[in-house]
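Per chain, numbering begins at 1; letters A, B, ... match sequence-line order.
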There are 2 protein chains.
Amino acid sequence: MKTEDVVLGILNEKSQTGYDIVEKIKTIFSHFFDGSYGSIYPVLHKLENKGKVTKKIIVQEGKPNKNLYSITESGREEFNKYLRSPVQTEVMKSDFLMRLYHGEYLPEEQIKQIIIEEINRKEQLVEELESQFEVWKEDMSSYQKLCCQIGIESYRSEIEILKKFQGH
Amino acid sequence: MKTEDVVLGILNEKSQTGYDIVEKIKTIFSHFFDGSYGSIYPVLHKLENKGKVTKKIIVQEGKPNKNLYSITESGREEFNKYLRSPVQTEVMKSDFLMRLYHGEYLPEEQIKQIIIEEINRKEQLVEELESQFEVWKEDMSSYQKLCCQIGIESYRSEIEILKKFQGH
DNA sequence: AGGTTCATGTAACTCGTTACATGATTCA
DNA sequence: TGAATCATGTAACGAGTTACATGAACCT
């Protein structure tokens, strides 16, 4: 999965600005994809050069101009090619588990603290995903909702596992 | 968490070759870190130039020479600095969830197939982690074992979640 | 007065992947 | 005979992060 495919997928739903795309990625995609302005804007320019998207400048009053991007026929073809390509294996990068792995080199109190913080962090992620789900759900397909629900349940399971191991 | 810190952490346990380090990453670190020869060998050279590790060439009969790397005092300091730095948030990249999100653009049969394949993949990951755990557990601290167990349980929970949602 | 939201962008840098190159030994 | 294991490495490319730059409107 390339960032280009992700952006095409988002634009395949409807025309949006780079700002909108980043917002979507930071909220409902947060549990399975990562992206920022520094990665999304250049990708949009690249897709425009390749003719996969088109840009329309929207002049606004009291706000900066918007670049509204729309997917082209060629972009749709590219996206469909992605959808039919083999699914790549998941990649997880967890600094938390790396610390835990090396737990013997830290005082026990500190490890306990790290675990508590990770539980708190995940509890907050559940809350955020749930509230984001409420915000977006009207416009979501059943698959998209499923995807959110899997995220919420995954976080909850992780929390349970950590709590179970908390007292050794 | 930088790859340099990860390599220092592995060498902090004992002196090893680049090959050994990659093997460890590909087996017991697989659920929380990703690395390959193309990333680990250059990092080892970089750490050597910085004086964080030293290299000893071991001549073998019937096998290629080995470069045995050991952590230096300066490397230990660096590693301890990492251990005491703030824990970075986890990052997950899941092509599977991306496909599921766009499920409406694929035939239902294909989505079902993708879910089945993901369940199979994760069942295999559980098996692999369990067998790796058996291989390495003699040399593992209780924290390292905990880390493996969390991986196994996380995969199992993911499988349960997917099975639950399988029939919609 | 200060923080947040909306809105876009780039330059420099760091990092990682992919593909290639080599080559003996061991196992099926 | 062919695949896997052991063992190291690099060049070219592609991708992503960080930090910077701008600036009005709106909310507290």
- Task: Determine: side-chain N/O of Q60(A) to OP1/OP2 of dA7(C), distance under 4.0 Å, yes or no.
- Result: yes
- Item | Side-chain donor-acceptor contact under 3.5 Å, Q113(B) with E109(B) | no
- Do the numbers put R99(B) on top of the ring of Y82(A), so that NZ or CZ is under 6.0 Å from the six-membered ring centre and no more than 45° off the axis? yes
- Task: Kindly write out the residues that satisfy salt bridge (Lys or Arg N to Asp or Glu O under 4.0 Å) with K93(A), not counting sequence neighbours, or none if the list is empty.
- Result: none
- Query: Any ion pair linking K50(B) and E78(B) (charged N to carboxylate O, less than 4.0 Å)?
  - Reply: no
- Heavy atoms only: give me the nearest I71(B)-L8(B) pair and the separation to one decimal. CD1-O, 3.6 Å
- Message: Within this structure, what is the CD-CD1 distance for the pair E104(B) and I111(B), rounded to the nearest 0.5 Å?
- Response: 9.5 Å
- Item | Stretch residues 2-27 of chain A: residues that reach within less than 4.0 Å of DNA chain D through a heavy atom | K2(A), T3(A)
- Mind checking which nucleotides bracket the chain A contacts on DNA chain D, 5' to 3', with an atom under 4.0 Å from a heavy atom? dA15(D) to dA25(D)
- Task: Go through residues 38-57 of chain A and report each residue with a non-hydrogen atom lying under 4.0 Å from DNA chain D, sorted by number.
- Result: G38(A), S39(A), K46(A)
- Item | the helix from dA1(C)-dT28(D) to dA28(C)-dT1(D): angle between end helix axes, five pairs per end, rounded to 10 degrees | 60°
- Partners passing salt bridge (Lys or Arg N to Asp or Glu O under 4.0 Å) against K137(A) (at least two apart in sequence or in another chain): E134(A)
- Query: CD/E117(B) to CG/L162(B) distance, rounded to the nearest 0.5 angstrom?
  - Reply: 12.5 Å
- Task: State, without any angle test, whether Y155(B) and E130(B) hold a side-chain donor-acceptor pair at a distance under 3.5 Å.
- Result: no
- Message: Is it true that E128(B) and Q124(B) share a donor-acceptor pair across their side chains at a distance under 3.5 Å?
- Response: yes
- Query: Rounded to the Å, how far apart are L68(A) CG and dA7(C) C1'?
  - Reply: 13 Å
- Note on the structure: Between K24(A) and the options Y19(A), F29(A), F33(A), the side chain to side chain contact (heavy atoms under 4.5 Å, CB included) test singles out F29(A)
- Message: Is the ring pair Y105(A)/H102(A) parallel, tilted or perpendicular, if the boundaries are 30 and 60 degrees?
- Response: tilted
- Could you tell me whether K52(B) and E4(B) make a salt bridge, using a distance below 4.0 angstrom between a side-chain N and a carboxylate O? no
- Item | F33(A) vs Y37(B), nearer the 5' end of DNA chain D by closest nucleotide | Y37(B)
